[in-house]
Amino acid sequence: MSVTIDIRDLTSLASSLSRAGDKVEREARKALDGAAEVIRNEAAATARSYPQATGKLAGNVQVTGDGDARQVGSTVREGWYLANGSPNTGGPRPWLDAPAERGAQQLGEELSRIDLL
Amino acid sequence: MSGYSSRLLTDAIVAWLQGDGVTVGDGEKPAAAAFPYAVVYAFFTPPPTGSIVGEDSDAEAVYRIHSVGSTRQQCQWLADKVNARMRVAALTVAGLTVMRMSDDGRQPGEREDNVQPPIWQARDQYRVFLTTT
């Protein structure tokens with residue numbers, strides 16, 4: 001269970017990167033790292049808040065990847081069951097999806113600001 | 001934000017599917033659950049957006065709809081029926097206008113062995129784009 005945020009998807013940023021060089025790229029990478037960390041922390045906190053969760057998932061939400069993309073996710077099976085629902089855990093719970101959408105939206109806003117640099 | 005009622009929106013989605021002859025559970029297995037049946041879950045809502053005249057007037061609501069059957073055929077038949085219905089943005093809900101409903105990704109049916117006898121379950125995600133009125 002993981003999500004990927006990828007600054008290569010933003011074409012306006014890509015053209016900006018080619019024009020403005022190192023400073024913009026540094027800022028964009030910093031924003032990407034920040035967003036990935038926010039998503040990780042929120043996902044862990046959300047997972048921790050469910051009574052069905054054992055705590056194993058909350059302790060195992062990881063950020064991986066380098067360069068222009070980061071992945072946030074967990075290899076703990078509980079993550080899949082919580083996100084998709086099961087007879088034992090009940091309905092699906094957006095422990096990763098909701099933080100990922102919020103984080104990606106904030107990243108988009110931050111990249112728009114950087115685009116103006 | 002002028003706000004909208006997520007309760008009324010979910011009610012409308014449940015009624016929309018029921019109007020197509022689908023047995024629907026509202027966040028849980030329906031009481032009289034003969035196969036196949038669907039279960040609607042209000043999944044989450046990203047932060048609202050908008051324009052300069054209404055900064056928080058546009059919103060999205062993400063729903064998960066599970067289609068459950070005793071066989072793969074039954075489960076996928078219902079999932080396809082739900083999918084066709086959930087791509088038609090014709091809901092009427094007080095306080096908002098539904099602009100578009102889209103397929104947000106589908107898991108096309110898996111056998112669930114945690115219950116006996118086993119069931120088949122498709123887990124599909126839909127996104128409702130709306131603006132408050």
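Order of the sequence lines sets the chain letters (A, B, ...), proteins ahead of strands, with each chain counted from 1.
A:R70 places no side-chain N or O within donor-acceptor distance of the main-chain N or O of A:A36, the cut-off being under 3.5 Å. Put simply, the side chain of B:D20 never gets that close to the backbone of B:V22: no donor and acceptor are under 3.5 Å apart.
Of the two parts of A:A83, only the backbone, made up of N, CA, C and O, holds a non-hydrogen atom closer than 4.5 Å to a non-hydrogen atom of chain B. Using a 4.5 Å cut-off between heavy atoms, B:E28 does not touch chain A at all. Proximity to chain A (any heavy atom under 4.5 Å) is shown, for B:F43, by both the backbone and the side chain. Neither the backbone nor the side chain of B:T45 comes within less than 4.5 Å of any heavy atom of chain A. If you measure heavy-atom distances from B:Q125 to chain A, the contacts under 4.5 Å come from the side chain alone.
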request  = Could you go through the side chain to side chain contact (heavy atoms under 4.5 Å, CB included) check for B:L78 and B:T23 one step at a time?
outcome  = CA-CA 10 Å; B:L78 182 61; B:T23 303; over 6 Å; no
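Between B:D26 atom CG and B:D11 atom CG the span is 6.5 Å, to the nearest 0.5 Å.
Residue B:Q73 places its CD atom among 12 or fewer non-hydrogen atoms of other residues, nucleotides or ligands, all under 6.0 Å distant.
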